[in-house]
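Scroll down for the structure; my scribbles are underneath it.
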There are 2 protein chains.
Amino acid sequence: MVKIDSQTKMKFLHGFSHKTRVQILESVKEEEKTVSQIVNDLNGNQSNISQHLACLKGCGLIVGKKDGKYVYYSVRNQLVRDLLTMFDVVLEDIQNDIAYCEKHID
Amino acid sequence: MVKIDSQTKMKFLHGFSHKTRVQILESVKEEEKTVSQIVNDLNGNQSNISQHLACLKGCGLIVGKKDGKYVYYSVRNQLVRDLLTMFDVVLEDIQNDIAYCEKHID
DNA sequence: TTATTATATTAGCAATGACTAATATGTGTG
DNA sequence: CACACATATTAGTCATTGCTAATATAATAA
């Protein structure tokens, strides 16, 4: 197994650390969508969603292809799709035991 | 597939969103360790590590078993272990293309 | 029982991340 | 060309998260 640079890894994982980003990932998991479609899906605001999209792209989780005035975003590849599925599998397994982690760190 | 509550999901994913927490997960992935062993492994400070451990526990990613004055932490189960491995598999695949995401959101 | 070691918790400050609003860029259309 | 639409970017502010230092708790050892 090739060595993974820790900084790269954190950049990647950062993609999953915000609700809006995770919702975007779910929204484009099975089919590519334009920014406005995503904005609609999530009932978000354009600027905000665009910023999260830029982040997800930087994290390597999604790719965007431009077509005229639209940009179509989709999950990068099948591995990333599998990873998203895996989250749900693991969660299904542990969800009932998850204790409160309200303060997230304390 | 059972429905995953979005709040629970975010709590879970939050566990992976900080370098120290990821390092802790890696440190206890294959063998359980006491807090002080982890503090040593990571060259961290006790209070800080304790706080991250509490977070990881709250996120459902690790479990701690108390034995006398020691607490042994380990990854919750094989599924979580698999998920950690999967991160590396996916990363190996995309690591070279990951563009900068320096600002993480902008 | 006093001291020591291991871990957890709290409070306050420092740092990072996210949101909104405004504006810029780029593309097609009347 | 002027306008409208889709998306991106920037700046400023607000909110969240994380760190350090101090202290608390709990278990063992002297």
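Note on naming: letters A, B, ... go to the chains in the order of the sequence lines (proteins, then strands), and numbering restarts at 1 for each one.
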message: Walk along nucleotides 25-30 of chain D from 5' to 3' and tag each nucleotide B, S or - by protein heavy-atom contact under 4.0 Å, base first, then sugar-phosphate.
response: -SSS--

message: Just to be sure I understand the rule, does B:Tyr72 reach a base, reach only the sugar-phosphate, or reach nothing, if contact means heavy atoms closer than 4.0 Å?
response: nothing

- prompt: Taking only residues two or more places apart in sequence or in another chain, which ones pass side-chain hydrogen bond (donor to acceptor under 3.5 Å, both in side chains) with A:Lys66?
  reply: none

query: Looking at residues at least two apart in the chain, or sitting in another chain, which of them share a side-chain hydrogen bond (donor to acceptor under 3.5 Å, both in side chains) with A:Lys29?
result: A:Thr85

All ring pair (Phe, Tyr, Trp, His ring centres under 6.0 Å) counterparts of B:Tyr73, not counting sequence neighbours: none

message: Suppose we screen for side-chain hydrogen bond (donor to acceptor under 3.5 Å, both in side chains). Which residues come up paired with A:Asp82, at least two apart in sequence or across chains?
response: A:Gln78

message: Near DNA chain C, counting only heavy atoms under 4.0 Å, which residues of residues 35-47 of chain A show up?
response: A:Asn45, A:Ser47

task: Using side chain to side chain contact (heavy atoms under 4.5 Å, CB included) as the criterion, list what pairs up with A:Thr34, not counting sequence neighbours.
output: A:Ser36, A:Gln37, A:Tyr70, A:Tyr72

message: Run the side chain to side chain contact (heavy atoms under 4.5 Å, CB included) test against B:Val22 and tell me which residues pass, sequence neighbours left out.
response: A:Lys9, A:Met10, A:Leu13, B:Glu26

- request: For B:Ser47, enumerate each residue passing the side-chain hydrogen bond (donor to acceptor under 3.5 Å, both in side chains) test, keeping only those at least two apart in sequence or located in another chain.
  value: B:Gln51

- prompt: Taking only Watson-Crick and G-U wobble pairs with both distances under 3.5 Å, what dot-bracket line describes DNA chain D, where [ ] shows pairs that cross earlier ones and | shows pairs with another strand?
  reply: ||||||||||||||||||||||||||||||

- prompt: Side-chain donor or acceptor of B:Gln51 under 3.5 Å from a matching atom on the base of D:dT17?
  reply: no

message: Using the side chain to side chain contact (heavy atoms under 4.5 Å, CB included) criterion, which residues pair with A:Asn77? Sequence neighbours excluded.
response: A:Leu79, A:Val80, B:Asp93, B:Ile94

- request: Not counting sequence neighbours, which residues clear salt bridge (Lys or Arg N to Asp or Glu O under 4.0 Å) with B:Asp41? List them please.
  value: B:Lys33

query: With a 4.0 Å cut-off on heavy atoms, is B:Thr34 in touch with a base, just the backbone sugar-phosphate, or nothing at all?
result: sugar-phosphate

